[in-house]
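A short worksheet on the structure shown next.
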Amino acid sequence: MRVAPKAWIGIAVWATYVVVIFVVGLLSGVPYTDLGDSADTLFRGAVLFLAVGAVVAVVATTVLGWWKPAIREERRSHHKWPVVAPALMAVAVVLTLSLGVDWSRMEGSYVVGLLLLAVLVGFNEEIVTRGLLLTGLRGSVREPLAWFISSALFALMHGVNVLMGAPALDTVQQIGFAFLGGTAFYIVRRVTGSLIWAMVLHGAWDFTTFASGHAPAGAAATLGLYVGIVGEVLALVFVFWTFRSTGDAAATAAPAAVTT
């Protein structure tokens with residue numbers, strides 16, 4: 001690593017990313033409430049600002065020299081069973097995409113836009129929060145706090161949506177679910193040893209959310225959502241349980257010594 005991990009560096013990268021996404025989103029001229037209504041709003045809005053955000057993330061990771069610690073978990077979790085929580089989210093994705101989406105109403109250009117959005121969201125938000133931010137936090141605080149802060153800032157990242165026209169109540173709800181989802185993605189990283197799988201699940205989850213919202217196919221879409229929510233809630237319970245059961249007191253700046 002060219003730069004030693006510090007919490008303020010990870011937070012600075014996170015803040016820079018959020019500001020860039022917000023500014024480019026405003027300049028795109030697409031209100032948040034219109035994102036996903038059509039292929040045009042996907043490309044002119046979400047895909048555009050996420051593409052710019054990806055450049056910011058790649059540059060920051062390269063300059064810091066943090067690709068390895070951001071992508072790879074040096075020491076996997078001793079507990080494997082918490083992966084049940086994100087696995088339920090994966091089940092929800094499969095269930096919704098197979099039974100909860102009316103694909104006959106999905107034009108090809110819209111699907112392409114969704115695929116690009118999924119790839120960019122999965123890469124951007126994971127490399128920024130559970131990659132660079134988590135790496136920086138581990139250089140200054142112990143693992144339980146690193147998990148909490150990274151998940152909280154991931155959730156608050158979505159709060160900027162209200163400044164782009166999203167309803168306040170919906171945004172508050174989104175922040176809450178984002179914290180739970182972020183915890184599930186954290187479990188994926190810790191158990192598999194790689195951020196890549198968290199990126200895949202994150203991207204698939206957002207793809208499914210937009211697809212089922214754009215062309216829902218009855219009760220199956222709602223059922224898939226509930227299954228995913230159960231997984232997210234379990235993720236929070238499992239993280240608390242594993243930290244408590246291991247009495248995690250890992251030294252700062254030593255993620256390899258953490259046992260979750």
Side-chain angles (χ1 to χ4, degrees), residues 21 24-25 28-54 83-126 154 157-158 160-162 164-167 169-178 180-182 184-185 188 196-235:
I21 289 293
V24 177
S28 72
V30 179
Y32 181 84
T33 50
D34 292 345
L35 288 177
D37 284 353
S38 66
D40 179 63
T41 59
L42 277 179
F43 282 103
R44 289 194 301 112
V47 173
L48 172 62
F49 64 68
L50 287 169
V52 176
V83 81
V84 169
L88 279 176
M89 293 180 66
V91 169
V93 166
V94 174
L95 177 65
T96 304
L97 291 181
S98 58
L99 300 175
V101 176
D102 184 355
W103 293 100
S104 66
R105 295 164 53 193
M106 300 273 282
E107 62 273 24
S109 58
Y110 191 88
V111 174
V112 172
L114 270 191
L115 287 171
L116 288 173
L117 179 146
V119 171
L120 289 169
V121 164
F123 172 78
N124 288 13
E125 296 189 359
E126 289 306 309
F154 169 68
M157 175 187 291
H158 297 78
V160 73
N161 293 341
V162 76
M164 300 173 68
L169 186 59
D170 290 350
T171 302
V172 171
Q173 184 181 55
Q174 186 181 21
I175 290 173
F177 283 124
L180 297 176
F185 301 140
V188 173
I196 301 300
W197 293 113
M199 291 177 178
V200 171
L201 180 59
H202 190 157
W205 182 260
D206 278 44
F207 180 95
T208 304
T209 300
F210 274 88
S212 61
H214 183 69
T222 303
L223 177 60
L225 174 64
Y226 287 153
V227 172
I229 291 174
V230 170
E232 291 181 341
V233 172
L234 284 178

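Keep in mind the model is a prediction, meaning the values are calculated, not measured.
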Seminar exercise, completed: CG (L201) and CG (D206) are apart, to the nearest 0.5 Å, by 10.0 Å
Exercise. For the residue pair H202 and F185, does the interplanar ring angle fall in the parallel (under 30°), tilted (30 to 60°) or perpendicular (over 60°) class?
Worked result: parallel
Exercise. Nearest heavy-atom pair of A46 and L117: which atoms, and what distance?
Worked result: CB-CD1, 3.5 Å
Exercise. Is the side chain of T41 donor-acceptor paired with the backbone N or O of D34 at a distance under 3.5 Å, no angle test?
Worked result: yes
Exercise. For residues 99-121, which residue pairs qualify under salt bridge (charged side-chain N to carboxylate O under 4.0 Å, His left out), counting only residues two or more places apart or in two chains?
Worked result: none
Exercise. What's the shortest heavy-atom distance between L42 and G113, and which atoms?
Worked result: CD1-C, 4.0 Å
For this session: Of all the heavy-atom pairs spanning V111 and M106, show the shortest one and how long it is.
Result: CG2-CB, 4.1 Å
Problem set entry | Residue pairs involving residues 222-233 (criterion side-chain hydrogen bond (donor to acceptor under 3.5 Å, both in side chains); sequence neighbours excluded) | none
Problem set entry | Exercise: identify the closest heavy-atom pair between A85 and G231 | CB-O, 3.3 Å
Seminar exercise, completed: CG of L225 to OG1 of T209, rounded to nearest 0.5 Å, is 7.5 Å
Exercise. Hey, is the main chain of T171 close enough, under 3.5 Å, to the side chain of N161 for a donor-acceptor pair?
Worked result: no
Exercise. Atom CG in L115, atom CG in L120: separation rounded to 0.5 Å?
Worked result: 11.0 Å
Problem set entry | Minimum heavy-atom distance between G213 and P216, given as atom pair plus value | O-CD, 3.8 Å
Seminar exercise, completed: Note: T33 and G165 closest approach over all heavy atoms is CG2-O, 3.4 Å
Exercise. Can you list every pair that meets ring pair (Phe, Tyr, Trp, His ring centres under 6.0 Å) and has a residue in residues 101-122, with sequence neighbours left out?
Worked result: Y110-H214
Problem set entry | Under the side-chain contact (heavy atoms from CB on, under 4.5 Å) test, residues paired with A92 that sit two or more places apart | W205, V227
Exercise. Does the side-chain contact (heavy atoms from CB on, under 4.5 Å) test come out yes or no for I21 and V160, once each step is laid out?
Worked result: CA-CA 9 Å; I21 289 293; V160 73; 5.6 Å; no
For this session: Could you note down all residue pairs passing salt bridge (charged side-chain N to carboxylate O under 4.0 Å, His left out) where residues 41-50 supplies at least one of them, sequence neighbours left out?
Result: D40-R44
For this session: Look only at the side chain of T96 and the backbone of V93, and say whether a donor-acceptor pair between them is shorter than 3.5 Å.
Result: no
Seminar exercise, completed: Hits for ring-ring contact (aromatic ring centres under 6.0 Å, His included) against F49, two or more places apart or cross-chain, chain-then-number order -> none
